[in-house]
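In what follows, residues are counted from 1 in the order of the sequence shown.
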Amino acid sequence: MQTEDGQYLARLEQALQPSAPIPPGDRWTAAPDLLLYLVEQIRSRRPALTVELGSGISTLWLATALRTYGIPGRLVSLEHDPDYHEQTTQELSRLGLGEFAEVRLAPLEQCDVQGETCSWYAESAWHDLSGCGLLFVDGPPGWTAPLARYPAVPLLADALAPGAVVLLDDYDRADEQAIAARWIQQHPTWSLERIAHRKGTAALHLPDTNPS
């Protein structure tokens with residue numbers, strides 16, 4: 001497994017040639033196979049806006065991809081933890097990526113999601129988002145609440161552009177499978193694909209046009 005991770009990281013570095021070394025991350029970080037897939041999504045889709053839930057090593061690679069491929073888009077990452085927010089912001093600055101990505105501090109707060117009380121990122125951090133072509137759901141952490149990542153689609157659906165893709169990490173976990181199933185039930189025109197990454201990834205594809 002470590003050998004495969006190293007191979008994926010080597011491919012990332014060869015493709016993007018970051019201005020300084022990017023740390024390998026830890027067990028909470030998106031696995032290298034998913035990181036490479038995310039970068040390919042950036043390259044092929046060229047989204048005007050990428051939104052990431054939970055910041056970290058993935059933020060650095062996604063921002064590097066925007067720069068390397070000359071994509072006139074931006075990355076907005078929502079982070080509930082002040083320490084991670086500060087760390088990721090400093091790493092973006094170290095790599096000269098500040099103009100490509102923004103990490104917004106978004107404490108978890110109680111909110112209503114279709115009649116359910118949930119804990120999710122503060123609305124003030126995401127209410128202005130629109131035209132999102134790529135949504136990467138890797139937070140909040142699963143320990144914060146049951147189905148902790150479920151609110152992402154109900155609350156951000158209106159911010160998604162036609163033809164967007166939603167990627168959900170850790171799809172091999174029961175909670176994430178339940179979350180994706182609920183999303184598809186609520187949006188029957190979307191399609192669901194399971195990608196055989198190390199921790200499993202769910203890819204939800206939106207139709208190219210909004211339903212009438």
Side-chain angles (χ1 to χ4, degrees), residues 30 33-55 58-59 61-79 99-104 106 111-116 118 120-140 147-171 176-197 200-212:
D33 55 358
L34 174 54
L35 292 174
L36 186 63
Y37 184 83
L38 283 164
V39 165
E40 174 57 25
Q41 292 296 301
I42 291 286
R43 187 197 65 79
S44 61
R45 292 177 173 275
R46 302 180 70 84
L49 173 64
T50 298
V51 176
E52 175 190 44
L53 307 179
S55 73
S58 55
T59 315
W61 284 114
L62 290 172
T64 300
L66 290 173
R67 179 176 62 187
T68 299
Y69 297 128
I71 297 171
R74 66 188 181 112
L75 167 66
V76 173
S77 180
L78 305 185
E79 177 55 63
E99 65 182 286
F100 300 96
E102 173 190 3
V103 185
R104 298 182 178 181
C111 62
D112 179 81
V113 180
Q114 299 181 344
E116 298 180 47
C118 299
W120 210 63
Y121 300 104
E123 184 177 1
S124 59
W126 53 264
H127 72 92
D128 62 325
L129 299 177
S130 64
C132 173
L134 174 61
L135 173 60
F136 176 41
V137 184
D138 197 24
L147 305 183
R149 300 173 183 176
Y150 165 68
V153 163
L155 295 180
L156 293 180
D158 289 343
L160 297 173
V165 64
V166 179
L167 297 177
L168 174 64
D169 194 11
D170 302 301
Y171 189 53
E176 273 60 37
Q177 292 172 22
I179 289 167
R182 292 183 69 176
W183 289 348
I184 286 294
Q185 183 179 32
Q186 294 161 5
H187 298 275
T189 62
W190 297 13
S191 63
L192 172 62
E193 172 191 10
R194 181 191 179 277
I195 304 171
H197 292 146
T201 303
L204 293 90
H205 302 272
L206 279 65
D208 289 334
T209 56
N210 288 320
S212 58

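Partners of H197 according to the side-chain contact (heavy atoms from CB on, under 4.5 Å) rule, which considers only residues two or more places apart in sequence or in another chain, are D33, L34, Y37, I195, T201. Scanning for side-chain contact (heavy atoms from CB on, under 4.5 Å) contacts around A48 gives an empty result, with sequence neighbours left out.
Counting heavy atoms from C-beta on, the side chains of V51 and L160 never come closer than 4.5 Å. Within the 4.5 Å cutoff, side-chain heavy atoms of V166 are placed close to those of L206. A 4.5 Å side-chain heavy-atom check between L53 and P140 finds every atom pair outside the cut-off. Side chains of D170 and R149 form a contact here, defined as non-hydrogen atoms less than 4.5 Å apart. With a 4.5 Å cut-off on side-chain heavy atoms, I42 and P47 count as touching. Looking at heavy atoms from C-beta onward, L78 lies in side-chain contact with V76 at the 4.5 angstrom threshold. Under the 4.5 Å side-chain criterion, counting only non-hydrogen atoms from C-beta, L155 is in contact with C111. In this structure the side chain of L75 never reaches within 4.5 angstrom of the side chain of F100, judged on heavy atoms.
In terms of modelled atom types and a separation under 3.5 Å, the side chain of R194 and the main chain of Y171 share no donor-acceptor contact.
Contact between R46 and P72 at its shortest, heavy atoms only, is NH2-CD, 3.9 Å. Shown here for Y121 and W126, the closest heavy-atom pair between the two residues is O-NE1, 3.0 Å.
Atom CD in E40 sits 10.5 Å away from atom CZ in R45 (nearest 0.5 Å). Interatomic distance, CG of L135 versus CG of L156, reported as 6.0 Å (0.5 Å rounding). Note that the OG1 atom of T50 and the CD atom of Q41 stand 10.0 Å from one another [nearest 0.5 Å].
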